[in-house]
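For reference, the structure discussed in these notes is given below.
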Amino acid sequence: MGNRFICMNKKEAKENNNGSRSKRMGRSQRKMLAEEEFLHRQALSMALQQHQLSQRFEGSMSRRIGGNTSSRRRTLSESLSNGKQDTNILENIQYKKFVLIHGEGFGAWCWYKTVASLEEVGLIPTALDLKGSGIDLSDTNSVTTLAEYSKPLLDYLENLLEDEKVILVCHSSGGACVSYALEHFPQKISKAIFLCATMVSDGQRPFDVFAEELGSAERFMQESQFLIYGNGKDKPPTGFMFEKQQMKGLYFNQSPSKDVALAMASMRPTPLGPIMEKLSLSPEKYGTGRRFFIQTLDDRALSPDVQEKLVRENPPEGVYKIKGSDHCPFFSKPQSLHKILVEIAQIP
């Protein structure tokens with residue numbers, strides 16, 4: 001399976017968990033830390049309960065996580081300019097709705113920091129669970145096509161008002177769902193932002209993007225120990241899920257231990273069919289979409305070299321980079337991500 005399946009060693013774990021903190025903090029710093037601690041407790045509590053839920057929740061994760069943000073609301077200029085006054089920024093953003101699409105194994109819960117950051121500056125984020133993910137009660141093994149997997153996103157776009165547009169943000173294999181949406185609802189999408197995501201070309205499978213890390217699709221299907229056979233061993237595999245140690249080494253090599261604990265309690269198997277499906281993308285629809293790519297420079301699941309290759313082979317309108325970020329930058333670098341999202345939203 002290649003040397004990408006590595007685990008975090010003790011030295012790395014110690015460095016990640018102990019982080020440098022100043023002993024003397026101002027009142028504002030203590031307040032920010034207290035708010036972050038509250039968000040951690042709230043999100044982890046929800047994650048630990050999600051598999052016990054017996055009914056589907058409606059509405060966005062921005063309403064399920066974060067609650068009322070009025071008590072911690074800051075102006076956009078305070079968040080982005082360290083107190084400098086720039087009251088025109090929010091007014092210059094034409095489309096304020098962000099739709100956040102998670103990657104393989106994750107759910108809407110993984111965006112909780114990004115949701116809070118965007119809400120604080122007056123934007124409107126909605127984090128969706130793809131089918132069979134997060135707290136969506138669908139059986140992962142029954143999701144066999146990209147259209148099925150993407151249905152929550154497609155339904156959301158279909159129900160928008162006629163002249164309404166949104167900004168899509170996708171992570172990892174969620175890029176395939178956003179590419180699919182660009183092909184079917186180009187008129188509803190203002191911009192598409194690919195965060196270390198599978199920004200595929202016409203005729204390419206999402207799995208092909210990970211081929212350098214995972215090996216060929218054929219080898220993966222024959223040899224992988226992470227495959228799930230939901231219909232029995234004598235039938236084709238229906239999904240996959242890495243073991244916890246593999247996930248920690250691949251996805252969370254820069255993430256705080258509390259966020260890793262949240263993820264370990266919340267990750268679900270990924271349906272195999274959608275990532276093995278070749279996309280049909282036309283220049284008239286997908287090709288007219290405005291795409292942006294955010295590279296994560298300490299990523300072990302989708303290496304910087306692979307991300308650079310994606311950008312080179314399927315050039316987006318703009319490329320941004322986050323230093324010190326693993327495959328889950330909404331955990332390790334939430335403020336950097338939030339600033340980039342706002343910056344892209346301002347582009348006319």
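The shortest side-chain heavy-atom distance between Thr114 and Phe98 does not fall under the 4.5 Å cut-off. In this structure, the side chains of Phe292 and Met199 stay at 4.5 Å or more apart for every pair of heavy atoms. With a 4.5 Å cut-off on side-chain heavy atoms, Leu130 and Ile101 count as touching.
Remark: side-chain polar atoms of Ser172 are not paired, donor with acceptor, to backbone N or O of Ala197 under 3.5 angstrom. A distance-only check finds a donor-acceptor pair linking the side chain of Asp136 to the backbone of Gly132 [under 3.5 Å]. Without hydrogens or angle criteria, Lys188 side chain to Leu161 main chain gives a donor-acceptor distance under 3.5 Å.
Between the side chains of Asp299 and Thr296, at least one donor N or O lies within less than 3.5 Å of an accepting N or O. A donor atom on one side chain and an acceptor atom on the other are not found under 3.5 Å apart for Ser280 and Glu183.
Note: Phe242 and Phe226 have perpendicular aromatic rings, judged against thresholds of 30 and 60 degrees for the angle between ring planes. Between His327 and His171, the ring-plane angle classifies as tilted under the 30° and 60° cut-offs.
Residue Lys96 places its NZ atom among more than 12 non-hydrogen atoms of other residues, nucleotides or ligands, all under 6.0 Å distant.
For Lys97 and Glu164, the salt-bridge test passes: some basic side-chain N is under 4.0 Å from an acidic carboxylate O.
Distance check, rounded to the nearest 0.5 Å: CG of Leu154 to CG of Asn159 gives 11.0 Å.
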